[in-house]
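This report concerns only the one structure given below.
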Amino acid sequence: MNAIFTINGKIIETKRLILRPFAESDLSDFYEYASVEGVGERAGWQHHESIEKSREILSRFISEDKTFAICLKESDKVIGSLGVERYGLEDKLTEFDGYRGREIGFVLAKDYWGRGLMPEAVEAVMDYLFSELDYDFLLCGYYNFNSQSKRVQEKCGFKPYRALTMETRMGTKENGTLNLCINPKKNIKFNFSHPETLIYE
Ligand SMILES: CC(C)(COP(=O)(O)OP(=O)(O)OC[C@H]1O[C@@H](n2cnc3c(N)ncnc32)[C@H](O)[C@@H]1OP(=O)(O)O)[C@@H](O)C(=O)NCCC(=O)NCCS
């Protein structure tokens, strides 16, 4: 089942990054990376064509309080986001009944790709969710064309779980992979449902 989650003022620090709630003053940093074509599209949303679009999404980030701003430690510049989202198909994925988890999703500004920054952010959030909030599992997905996201998830300990056709926010459908990571501190053996889409070994 989906665990209840809000950031609730939590700040996570890594070697190079600070993860914190978004603020209205982050609008120009957010628009700067969200307006670049080919960034959001890899995560299933269209790049922002106006700052008004960024303002609308930013106000949702602030009110829903489940998406961390990823900031450079030295300057507090926002260079990405990491959401702790509700996973879908909760009624069908009965293996998670009675267990607590969420799905994470992330985006990084293009200028900062290839420096291992997202694995650093993802690992820190996973550690918080598993060690402090005691989650049982986390899900994370990627469209199969997105080898960079696949690689981040592999490096962070996720394993292929389901082969699914996933809808994008642009109204298209893409073949994708949903990955699973079970809290390494727990000895959980899930009794998996729906073998037709299952790829967990
Ligand atoms: C996916 C993403 C978050 C990766 O973040 P990152 O901090 O660059 O991750 P890494 O530095 O660990 O790089 C991951 C892999 O991408 C590849 N890569 C790195 N820089 C690259 C670049 N500029 N162009 C293409 N591939 C690149 C490398 O193969 C690397 O794997 P390696 O460490 O084994 O060599 C980032 O590319 C991104 O924001 N993409 C757009 C949004 C997105 O895809 N979100 C995920 C949705 S599921």
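Just so it is clear, the model here is predicted, and its values are computed rather than measured. Counting convention: from 1, in listed order, for ligands and their atoms alike.
Not a single salt bridge (charged side-chain N to carboxylate O under 4.0 Å, His left out) links E123 to another residue, sequence neighbours left out.
Using cut-offs of 30° and 60° on the angle between ring planes, the pair Y143 and F145 is parallel. Classification of the H48-F30 ring pair by plane angle, with boundaries at 30° and 60°, yields perpendicular. Classification of the Y161-F192 ring pair by plane angle, with boundaries at 30° and 60°, yields tilted. Ring planes of F5 and F68: tilted class, angle from 30 to 60°.
Contact check on E120 versus K73 returns no salt bridge, with no Lys/Arg side-chain nitrogen under 4.0 Å from an Asp/Glu carboxylate oxygen.
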Quick one: ligand 1 N/O to protein N/O pairs below 3.5 Å?
unit_1   : atom_1 : unit_2 : atom_2 : d
ligand 1 : 7 (O)  : L117   : N      : 3.4
ligand 1 : 7 (O)  : M118   : N      : 3.0
ligand 1 : 8 (O)  : G114   : N      : 2.8
ligand 1 : 11 (O) : G114   : N      : 3.4
ligand 1 : 11 (O) : R115   : N      : 3.3
ligand 1 : 11 (O) : G116   : N      : 2.8
ligand 1 : 12 (O) : K155   : NZ     : 2.7
ligand 1 : 33 (O) : K155   : NZ     : 2.6
ligand 1 : 34 (O) : R151   : NE     : 2.6
ligand 1 : 34 (O) : R151   : NH2    : 3.3
ligand 1 : 37 (O) : Q148   : NE2    : 3.1
ligand 1 : 39 (O) : L108   : N      : 2.7
ligand 1 : 39 (O) : L108   : O      : 3.3
ligand 1 : 39 (O) : W113   : NE1    : 3.4
ligand 1 : 44 (O) : N146   : ND2    : 2.6
ligand 1 : 45 (N) : F106   : O      : 2.7

